[in-house]
Amino acid sequence: MNKGRLEAFSDGVLAIILTIMVLELKVPESAGFESLLELFPVFLSYILSFIYIGIYWNNHHHMMHSVSQVNGKILWANLFLLFWLSLVPFATGWVGENHFAKAAMTVYGFILLMAGISYWILQSVIVKSQGENSLLKKAIGKDWKGLSSPPLYILGIIFSFINEWLSGAVYILVALMWLVPDSRIERTLIEKE
């Protein structure tokens, strides 16, 4: 099965997720700059979530470049990832509207954790279907970022019960870790040519 439909569908879902998030940003009722300060938590949660969705889109795009064919298992693993990412707007809104409340930060972290796990599942299913000598397997290598993210998300979830700002700092740390472009797949594809 050709991978084009999977990529197009995934891109469409991610675009809708970003659209839903931006539509949740409400215009202030007053015209003064002070009214923008009231929206600061909402805007801050939007920025972090936008970065996360961008990171997933970027890495998904690179991962799909290493795939020649998809099968049913890859399609379902991809849907599992998109399911968790589709919950990001809900958690983003809850976090922003409630000024980073503990329960909201816990749920936000859980959704990030599940998105990370589902991305790892998709990556594993692709490697299994393409074989141990696949481009993706060569590209990801030891995958220190992928392996360190879930424990950090769990730490952020634990911190959310203690101090929501520490929790937020962990989620920002993981985003910053992934924000640096991961060129492993690009480099492996170039070496193949």
Could you report the tightest heavy-atom contact between [X] and [Y], atom names first, then the distance?
X      : Y      : answer
Phe50  : Met21  : N-CE, 3.6 Å
Lys73  : Asn71  : N-OD1, 3.1 Å
Asn2   : Val70  : O-CG2, 3.6 Å
Ile126 : Val67  : CG2-CG2, 3.5 Å
Tyr56  : Gly116 : OH-N, 3.0 Å
Asp143 : Gln123 : OD2-NE2, 3.3 Å

### Of all pairs that satisfy side-chain hydrogen bond (donor to acceptor under 3.5 Å, both in side chains), the ones with a partner from residues 36-51, not counting sequence neighbours
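For residues 36-51, and leaving out neighbouring residues, the side-chain hydrogen bond (donor to acceptor under 3.5 Å, both in side chains) pairs sorted by first residue read Ser49-Thr92, Ser49-Tyr108.
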Below 3.5 Å, can you tabulate the donor-acceptor pairs from side chains in residues 148-159 to any protein atom, sequence neighbours excluded?
residue: Ser148; atom: OG; partner: Trp144; partner atom: O; Å: 2.8
residue: Ser148; atom: OG; partner: Lys145; partner atom: O; Å: 3.3
residue: Ser149; atom: OG; partner: Lys145; partner atom: O; Å: 2.7
residue: Ser149; atom: OG; partner: Trp178; partner atom: NE1; Å: 2.7

Going by the rule side-chain hydrogen bond (donor to acceptor under 3.5 Å, both in side chains), which residues pair with [X] if we only count those two or more places apart in sequence or in a different chain?
X      : result
Ser10  : Asn78
Thr106 : Ser160
Tyr171 : Ser167
Trp94  : none

Starting at [atom1] of [X], measure out to [atom2] of [Y] and round the result to the nearest 0.5 Å.
X      : Y      : atom1 : atom2 : result
His62  : Ile140 : NE2   : CD1   : 15.0 Å
Leu135 : Met63  : CG    : CE    : 13.5 Å
Ile121 : Ile74  : CD1   : CD1   : 13.5 Å
Leu44  : Leu39  : CG    : CG    : 12.0 Å
Leu14  : Phe9   : CG    : CZ    : 10.0 Å
Glu29  : Ser35  : CD    : OG    : 9.5 Å

### Task
May I ask you to decide if Gly131's main-chain N or O and Lys137's side chain share a donor-acceptor pair within less than 3.5 Å?
no
### Task
Say whether, by atom type as modelled, one donor and one acceptor occur between the side chain of Tyr119 and the main chain of Asn59 under 3.5 angstrom.
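Confirmed, Tyr119 side chain pairs with Asn59 backbone.
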### Query
Can you check side chain to side chain contact (heavy atoms under 4.5 Å, CB included) on Leu75 and Arg5, steps first, answer last?
CA-CA 10 Å; Leu75 293 175; Arg5 284 193 71 195; over 6 Å; no
Could you give the side-chain donor-acceptor pairs of residues 81-91 under 3.5 Å, partners two or more places apart or in another chain?
residue: Ser86; atom: OG; partner: Phe83; partner atom: O; Å: 2.6

### Message
I'd like to check the ring pair (Phe, Tyr, Trp, His ring centres under 6.0 Å) partners of Trp120; sequence neighbours left out, ordered by chain and number.
### Response
none
### Query
Partners of His99 by ring pair (Phe, Tyr, Trp, His ring centres under 6.0 Å), sequence neighbours excluded?
none
### Sequence-distant partners of Ile172, side-chain contact (heavy atoms from CB on, under 4.5 Å), two or more places apart
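With neighbours one apart ignored, the set is Leu48, Leu176.
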#### Entry: Qualifying residues under side-chain contact (heavy atoms from CB on, under 4.5 Å), relative to Trp165, sequence neighbours excluded
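Counting only residues at least two positions away or on another chain, Trp165 forms a side-chain contact (heavy atoms from CB on, under 4.5 Å) with Phe100, Asn163.
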Same hydrophobic cluster for [X] and [Y], using side-chain heavy-atom links shorter than 4.5 Å among ILVMFWY?
X      : Y      : answer
Phe40  : Met105 : yes
Ile20  : Val107 : no
Ile16  : Val22  : no
Ile117 : Leu147 : no
Phe110 : Phe161 : yes

### Task
Evaluate whether atom CD of Gln69 has more than 12 neighbouring non-hydrogen atoms of other residues, nucleotides or ligands under 6.0 angstrom away.
yes
### Task
Carefully, step by step, assess Lys3 and Ser68 under the rule side chain to side chain contact (heavy atoms under 4.5 Å, CB included).
CA-CA 7 Å; Lys3 65 180 180 174; Ser68 55; over 6 Å; no
### Query
In the hydrophobic clustering that connects Ile, Leu, Val, Met, Phe, Trp and Tyr at side-chain heavy-atom distances below 4.5 Å, which members other than Phe33 occupy its cluster, ordered by chain and number?
Leu36
